Amino acid sequence: MVTRSMDEIRSGYISEMGQELGASFYELYRKLVELHVLWQQYRQLFGGDADTVHLLNRTSGLFFKIVQDELWDSVLLGVSRMTDPPTTGKKKNLTIQSLPPLISDTKLKGEVQDLCDKALVAAEFAREHRNKRIAHQDHDYLSNRNSDPLSGISRTLVEEMLAALRAVLNRLDLHFRDSTVMYEEFVDESGARLLIHKLRKLERLQGAAASAP
């Protein structure tokens, strides 16, 4: 199995897409990988079976509650950043909306723009939470949450947001490289799954020591 460095991946995108589009695409690709890693860790800790949640509560309930909230908000914040407008005032943002203007092929540009529009709709929930609660302290929301409630959000909606972002980048990958990236299949060798395994093992050892004569 051949593993490429991040510099090699970046150079490959620039070679096949051109300097500006390739460099921009690479940075968004990297951010989307990071988002999927965060979401995978969240799902492994809190999106699995009830036994795992009980284990985390027994081990250090407060700490893992903080981890749960921070991972959740980090994913929503990341989705919001990926779908921001390409400019804020006079400053440029690097988002999926930055990509269509860099595409010279008219047909491809239209397809990518359509996918960007769909991703923006899917990300409305994340952006609302970012603007009112995560990145800003919205006065009306904090003063009276019942009169200015946030839209509900779920793991299913997060999955839909991530899928919409994947669709944008994979359309370009398919066009220029005749392949797609399985962002959701990141291989985890040292993350949450390993932590859960070690916590279960520690609990068994403690139980055995406590029952030993």
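Quick caveat, the model's predicted, so the values are computed rather than measured.
Annotation for N93 and T87: closest pair ND2-C, 3.7 Å, computed over non-hydrogen atoms. Closest of all the heavy-atom pairs between L38 and S74 is CD1-CB, 3.9 Å. The minimum heavy-atom distance between A167 and L115, with the atom names listed, is O-CD1, 3.5 Å. Between A123 and M161, the shortest heavy-atom contact is CA-CG, 4.2 Å. Listed here is the closest heavy atom pair of T95 and D84: OG1-O, 2.8 Å.
Expressed to the nearest 0.5 Å, how far CD of Q97 lies from OG1 of T83 amounts to 7.0 Å. Residue L194 holds its CG atom at 9.5 Å from CG of L199, rounded to the nearest 0.5 Å. The CG atom of N170 lies 5.5 Å from the OH atom of Y183; values are rounded to the nearest 0.5 Å. The distance from atom CD of E20 to atom CG of L99, rounded to the nearest 0.5 Å, is 10.5 Å. Here CZ of R177 is found 6.5 Å from CE of M17. Values are rounded to the nearest 0.5 Å. Rounded to the nearest 0.5 Å, atoms CZ (F63) and CG (L56) are 10.0 Å apart.
Looking only at distances, no side-chain donor or acceptor of N131 sits under 3.5 Å from a matching main-chain atom of H136. When atom types are taken as modelled, the side chain of Q41 and the backbone of A192 share a donor-acceptor pair closer than 3.5 angstrom. Distance alone, capped at 3.5 Å, places no donor-acceptor pair between the S24 side chain and the L21 backbone. With hydrogens and angles ignored, the 3.5 Å screen pairs a side-chain donor or acceptor of Q44 with a backbone N or O of R193. With hydrogens and angles disregarded, a donor-acceptor distance shorter than 3.5 Å links the side chain of S80 to the backbone of L76. Listed for the S5 side chain is a donor-acceptor partner under 3.5 Å among the backbone atoms of E8. Although no hydrogens or angles enter the test, the distance criterion places no donor-acceptor pair under 3.5 Å between the side chain of T180 and the main chain of L174. Listed for the S154 side chain is a donor-acceptor partner under 3.5 Å among the backbone atoms of L157. Of the possible donor and acceptor atoms, none in the side chain of Q40 sits under 3.5 Å from a partner among the backbone N and O of E184. No donor-acceptor distance shorter than 3.5 angstrom exists from the side chain of Q68 to the backbone of Y42, with no hydrogens or angles considered.
By the 4.5 Å heavy-atom criterion applied to side chains, I103 and Q113 are not counted as neighbours. No side-chain heavy atom of V181 sits under 4.5 Å from any side-chain heavy atom of L169. Here the side chains of L35 and L165 are in contact, with some heavy-atom distance below 4.5 Å.
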One pair to check against salt bridge (charged side-chain N to carboxylate O under 4.0 Å, His left out): R127 and E124. What are the steps and the verdict?
CA-CA 5 Å; R127 298 174 65 77; E124 284 180 0; over 6 Å; no
L71 and L45: side-chain contact (heavy atoms from CB on, under 4.5 Å), yes or no, with the steps?
CA-CA 10 Å; L71 284 174; L45 285 171; 4.2 Å; yes
Start with the C-alpha distance between R81 and L77, add both sets of side-chain angles, then the distance that settles side-chain contact (heavy atoms from CB on, under 4.5 Å), and finish with yes or no.
CA-CA 6 Å; R81 287 170 174 162; L77 187 57; 3.6 Å; yes
What do the steps show when you test L172 against L108 for side-chain contact (heavy atoms from CB on, under 4.5 Å), and what is the final call?
CA-CA 8 Å; L172 284 166; L108 178 63; 3.9 Å; yes
Kindly indicate, with the supporting measurements, whether the criterion side-chain contact (heavy atoms from CB on, under 4.5 Å) is fulfilled by F125 and V158.
CA-CA 9 Å; F125 299 96; V158 172; over 6 Å; no
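Classification of the Y29-F25 ring pair by plane angle, with boundaries at 30° and 60°, yields parallel.
Looking at E111 and K107, a side-chain N of the basic residue comes within less than 4.0 Å of a carboxylate O on the acidic one, giving a salt bridge. Using a 4.0 Å cut-off between charged nitrogen and carboxylate oxygen, R171 and D114 do not count as a salt-bridge pair. R155 and E159 are not joined by a salt bridge, as no carboxylate oxygen comes within less than 4.0 angstrom of a charged side-chain nitrogen. For E27 and R30, the salt-bridge test passes: some basic side-chain N is under 4.0 Å from an acidic carboxylate O.
Listed by chain and number, the hydrophobic cluster partners of L62 are I66, where partners are ILVMFWY side chains within reach of under 4.5 Å, directly or through others.
Both F46 and V75 are members of a single hydrophobic cluster when ILVMFWY side chains are connected at heavy-atom separations under 4.5 Å. In terms of hydrophobic clustering, with Ile, Leu, Val, Met, Phe, Trp and Tyr side chains grouped at heavy-atom distances under 4.5 Å, V121 and L32 are assigned to different clusters. I14 and L94 fall into different hydrophobic clusters, where Ile, Leu, Val, Met, Phe, Trp and Tyr are joined by side-chain heavy atoms under 4.5 Å apart, directly or via other members. Linking ILVMFWY residues whenever their side-chain heavy atoms come closer than 4.5 Å, directly or via other members, leaves I134 and L120 in distinct clusters. Neither L55 nor V53 shares a network with the other; the hydrophobic side chains, linked directly or stepwise wherever heavy atoms of I, L, V, M, F, W or Y lie under 4.5 Å apart, form separate groups for each.
For K109, the NZ atom is densely surrounded, since the number of other residues' heavy atoms within 6.0 Å is greater than 12. Residue D69 places its CG atom among more than 12 non-hydrogen atoms of other residues, nucleotides or ligands, all under 6.0 Å distant.
Screening residues 51-63 for side chain to side chain donor-acceptor pair (under 3.5 Å) gives D49-T52, T52-R200, R58-E203 as the qualifying pairs, with residues at least two apart or on separate chains.
Taking the six-membered ring for Trp and the full ring otherwise, the centers of F186 and H36 sit at least 6.0 Å from each other.
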